Amino acid sequence: MTTLKRVDVHVEGVVQGVGFRPFVHSLARRLGLAGRVHNDVDGVHIEVEGALAGVEEFLTALERDAPALSEIERVTVVSARPTGHNGFTIAAGLPSGPLRPLVRADGATCDDCLRELADPADRRHGYPFINCANCGPRFTIVRGVPYDRPLTTMAGFGMCQACAAEYHDPGNRRHHAQPTCCPACGPRLRLRDARGTELCGDPIAGAVTLLRAGRVVAVKGLGGFHLAVPAADERAAAALRGRKHREEQPFAVMTADLAQARRLCEIDEHAAELLTGRARPIVLLPRLPGAPVAASVAPATRSLGLMLPYTALHHLLLAELAEPMVLTGGNVSGEPIAYEDDDALTRLSGIADAFLIHDRPIHVRADDSVVRPMAGEVTVLRRARGYAPEPLAMRWPALRPVLACGAELKSTFCLAEGRRAFVSQHIGTLENHETLRSFVESIDHFCGLFGIRPEVVAHDLHPGYLSTRHAMEIHGAELLGVQHHHAHIASCLADNGDPGPVLGVALDGLGHGPDGTLWGGEFLRADLTSFERLGHLAQVPMPGGSAAVRQPWRMTAAYLGDDHPGLDVARRNPWADALRLAPGSPLTSSAARLFDAVAALLGVRDKITYAGQAVVELEQHADPAERGTYEAGITHGDLLVVEGADLVRAAAADLVAGACTRAIAGRFHNGLADAVTRACDTLRHATGLTAVALSGGMFQNALLLEATVARLRAAGFRVLKHVRVPPGDGGVSLGQAAVAAARDRA
Ligand SMILES: [Zn+2]
Ligand SMILES: [Zn+2]
């Protein structure tokens, strides 16, 4: 007689909504074992019994053969007394105990589903909402935990018999796929005109007819509404730009497949992998000369943001349209994208001519993510759909749960507990009520989803940020202010699992400095608990304060003063007015303002229409092959100071001498990279530190990042740069959380 063995197994990690229970079920059946499996708020719980050898094989295969999308973090096995019962069942989710499950990010339609979508014999042929246990909506439809259909926005769709049979069949790839549905029982697509009246006929064919006629169509996607026009249609693209009040910020383009994408951009193997991966982000890529894209789609840039279809609806739409399509956020510039039907119909009524919508509610707004291949790797520039809310593994644990409220621009927040950091999806710039509401609601939602009650609340030192004010209103938690650029460098350290100390180079826009000036070109000695300012870009006034942010030419005036031998930028603008304002204006060491000065000097951009525009356009303007450089003076007293004005003056001299502005822009990038490297070299002698962490929004600039990394490495430095979270302010919340956790451990 064989000995019966029974164990209770608890599996933690990403194990809900990824086909884990069906996998356990079929494994147990194959091994002839009895018992049951269910989701609980902690993960997956399994009771299994049978022959000793079978149970042992079960435990081995559980981790070895787990579904591709799962990530097992911990398996706990406890022996129990055998019951002698037969059969193995999947029980319904049982909520109990503390809430700590992991909800996955939304995933692009898988190959199996695409095959069915294209198969005329399949009952889901051409069905825009096809999904399975391996793909489809997750984070954006989850209202609460445990992850089971009643707590998703699919709760209102009762399964038909055929779908229910698949859902309950352990051998089916839709077994316990919570959003599963079909044309008989699932969401339905509709096409409405601008007034909300439903248009008859096939909604996709109807939408494509409108697109071909140059109309703007709002499309309800996974995490919100998009606005679409054909990418080659200049009149439609220009109309969309005008109606959105988005004067210059580039639009993203979706192509049907890689082959179509290759007609627009340079796509190497790495880029192809990013484009076709499960997260399906927008990938910023070099545009091919003569690519058939209308001028208004992405003006003043050599690159293009491309993405491939990530829902069946997008696949069907692109297949019918048979050409690339602009797919940009469904909002008026400055507002968050619309995701609720009524709100979208109201807010987008002046922009869209028609609405391609459906009746599956979106519970959580999630913008498209943006990534950029840089310096041989990829950097996430906007982390949202496809990535959030997946936790980032932390090398060191947070002993008490932390909420980090982030900064203001491109804000995110971060919840950290144990070794997991849940960085929220990109929420947007916290400057209006709608974005603030989204921020506050998302914090509550994350706390609920992941069962985290923050005991420490980290925030920026800027008292005026809405994120800081929100932190101040939270009661019953310990508050911790983290300096903006320390948070940037800590974010880079956490991103790389490095404890520091390092030389931190934080180049960004404006951050609140403890000395009351605006920082943004900083050399720090930093680890996760503390920092010391070792140096900075020389301070200059920002003539007129925030007006200088909107009008980069004012920074040119600040840098050059009366020394402007016949420069066009001085003729184009009220130069003397700026100089009069300068003495009473706030001082800054911001690297972004230095870029602004050069951008306006070269005639690239005198006034901006979106944050960071002059910096983005100066990079795009620069000749990447330029090898020339400018030299910035570096002085070293109490603090090291890099004379940014030397770079601006050298650029002005070249301009007066008739040099090509593209070459000058290239030399400026090289000059700044040289200055950073020489500054780090000086600081290495002073501190003995040999690793450099690069952070701040300026390092979204591939030209600057690549030039700086190459020079630092050549000088013998170990270089840390961002990978998983943005170098810009979207990464600040992770840095704040890392600092709070480190201080708790100290
Ligand atoms: Zn699928
Ligand atoms: Zn059905």
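No experiment lies behind these values; they were computed from the predicted model shown.
For Arg678 and Asp681, the salt-bridge test fails: no basic side-chain N is under 4.0 Å from an acidic carboxylate O. A salt bridge links Glu248 to Arg605: at least one charged side-chain nitrogen sits closer than 4.0 Å to a carboxylate oxygen.
Judged purely by atom type and a 3.5 angstrom limit, Asn573 has no side-chain atom pairing as donor or acceptor with the backbone of Arg554. In this structure, Thr677 contributes its side chain and Arg711 its backbone to no donor-acceptor pair below 3.5 Å. Here the side chain of Gln736 pairs a donor or acceptor atom with the backbone of Gly406 at under 3.5 angstrom. Remark: the backbone N or O of Ala665 is not paired with any side-chain donor or acceptor of Glu626 at under 3.5 angstrom. With His488 contributing its side chain and Pro727 its backbone, the two residues share a donor-acceptor pair below 3.5 Å. A donor-acceptor pair under 3.5 Å links the side-chain atoms of Thr687 to the main chain of Leu683, judged by distance alone. Remark: the backbone N or O of Glu431 is not paired with any side-chain donor or acceptor of Thr435 at under 3.5 angstrom. Distance alone, capped at 3.5 Å, places no donor-acceptor pair between the Glu643 side chain and the Asp646 backbone. No donor-acceptor distance shorter than 3.5 angstrom exists from the side chain of Glu522 to the backbone of His485, with no hydrogens or angles considered. In this structure, Thr682 contributes its side chain and His636 its backbone to no donor-acceptor pair below 3.5 Å.
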Criterion side chain to side chain contact (heavy atoms under 4.5 Å, CB included) on Asp596 and Trp553, from CA distance to verdict: CA-CA 7 Å; Asp596 284 353; Trp553 69 267; over 6 Å; no
Side chain to side chain donor-acceptor pair (under 3.5 Å) assessment of Glu408 paired with Thr429: CA-CA 6 Å; Glu408 180 176 64; Thr429 297; over 6 Å; no
Residues Asp460, His484; criterion side chain to side chain donor-acceptor pair (under 3.5 Å); working and verdict: CA-CA 6 Å; Asp460 199 276; His484 189 84; 2.8 Å; yes
Steps toward side chain to side chain contact (heavy atoms under 4.5 Å, CB included) verdict (Asp367, Arg382): CA-CA 9 Å; Asp367 291 63; Arg382 182 165 77 197; 4.1 Å; yes
Full working for side chain to side chain donor-acceptor pair (under 3.5 Å) between Gln700 and Thr379: CA-CA 8 Å; Gln700 304 193 158; Thr379 301; over 6 Å; no
Side chain to side chain contact (heavy atoms under 4.5 Å, CB included) evaluation trace for Tyr630 with Ile664: CA-CA 9 Å; Tyr630 300 133; Ile664 297 173; 3.4 Å; yes
Glu266 and Leu288: CA distance, side-chain angles, deciding distance, side chain to side chain contact (heavy atoms under 4.5 Å, CB included) verdict: CA-CA 6 Å; Glu266 262 173 55; Leu288 292 173; 3.9 Å; yes
Salt bridge (Lys or Arg N to Asp or Glu O under 4.0 Å) evaluation trace for Asp563 with Arg649: CA-CA 9 Å; Asp563 183 17; Arg649 278 195 288 265; 5.1 Å; no
Asp498 vs Arg718, salt bridge (Lys or Arg N to Asp or Glu O under 4.0 Å): CA-CA, chis, key distance, verdict: CA-CA 12 Å; Asp498 194 297; Arg718 186 164 65 86; 2.9 Å; yes
Check against side chain to side chain donor-acceptor pair (under 3.5 Å), His621 and Thr661: CA-CA 8 Å; His621 187 77; Thr661 56; 2.8 Å; yes
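With rounding to the nearest 0.5 Å, the separation of CZ in Arg287 from CG in Leu306 is 9.5 Å. We find the CG-CE distance between Leu581 and Met542 to be 12.0 Å, quoted to the nearest 0.5 Å. Rounding to the nearest 0.5 Å gives a distance of 9.5 Å between OG of Ser411 and CG of Asp729. Put simply, CZ on Arg469 and CG on Leu430 are 11.0 Å apart, with the number rounded to the nearest 0.5 Å. The CD1 atom of Ile282 sits 8.5 Å away from atom CE of Met254, with the distance rounded to the nearest 0.5 Å. Here Asp495 contributes atom CG and Leu720 contributes atom CG; the two are 9.5 Å apart, rounded to the nearest 0.5 Å.
The minimum heavy-atom distance between Tyr610 and Gln249, with the atom names listed, is CE2-CA, 3.5 Å. Scanning both residues, Gly666 and Ala622, for their nearest heavy atoms gives N-CB, 3.6 Å. When every heavy atom of Gln613 is checked against every heavy atom of Thr609, the shortest pair comes out as OE1-N, 2.5 Å. For Pro299 against Val297, the heavy-atom pair with the smallest separation is CD-C, 3.7 Å. Pro552 and Ala614 get closest at one heavy-atom pair: CG-CB, 4.0 Å. Nearest heavy atoms, Ala526 versus Leu493: O-CD1, 4.3 Å.
Residues Ser491 and His722 are in side-chain contact: their nearest non-hydrogen atoms beyond the backbone lie under 4.5 Å apart. Side-chain atoms of Val540 and Met555, non-hydrogen and from C-beta on, do get closer than 4.5 Å to each other. Using a 4.5 Å heavy-atom threshold, the side chains of Ile489 and Val502 count as touching. Two residues are said to be in side-chain contact when any heavy atoms from C-beta on lie closer than 4.5 Å; His669 and Glu619 meet this criterion. With a 4.5 Å cut-off on side-chain heavy atoms, Arg243 and Val216 count as touching. Counting heavy atoms from C-beta on, the side chains of Trp519 and Pro514 come closer than 4.5 Å. With a 4.5 Å cut-off on side-chain heavy atoms, Phe595 and Asn701 count as touching. Proximity of Val283 to Val378: side-chain heavy atoms (C-beta onward) are nowhere separated by under 4.5 Å.
For CG of Asp638, the number of neighbouring non-hydrogen atoms (other residues, nucleotides, ligands) closer than 6.0 Å is 12 at most. More than 12 heavy atoms of other shown residues, nucleotides or ligands fall within 6.0 angstrom of atom CZ in Arg572. Residue Asp562 qualifies as open at atom CG: its count of foreign heavy atoms under 6.0 Å is 12 or below.
No donor-acceptor contact under 3.5 angstrom links the side chains of Thr412 and Gln425, judged on distance only.
No option in Thr629, Asp623, Asp654 other than Asp654 meets the side-chain hydrogen bond (donor to acceptor under 3.5 Å, both in side chains) test with Arg667.
Remark: Arg684 is positioned above the aromatic ring of Phe717, its terminal NZ or CZ atom under 6.0 angstrom from the ring centre and at most 45 degrees off the axis. At least one cation-pi condition fails for Arg533 and Phe523: the charged atom is not both under 6.0 angstrom from the six-membered ring centre and inside a 45 degree cone around its axis. A cation-pi contact, defined as under 6.0 Å to the ring centre and within 45° of the axis, is absent between Arg580 and Trp575.
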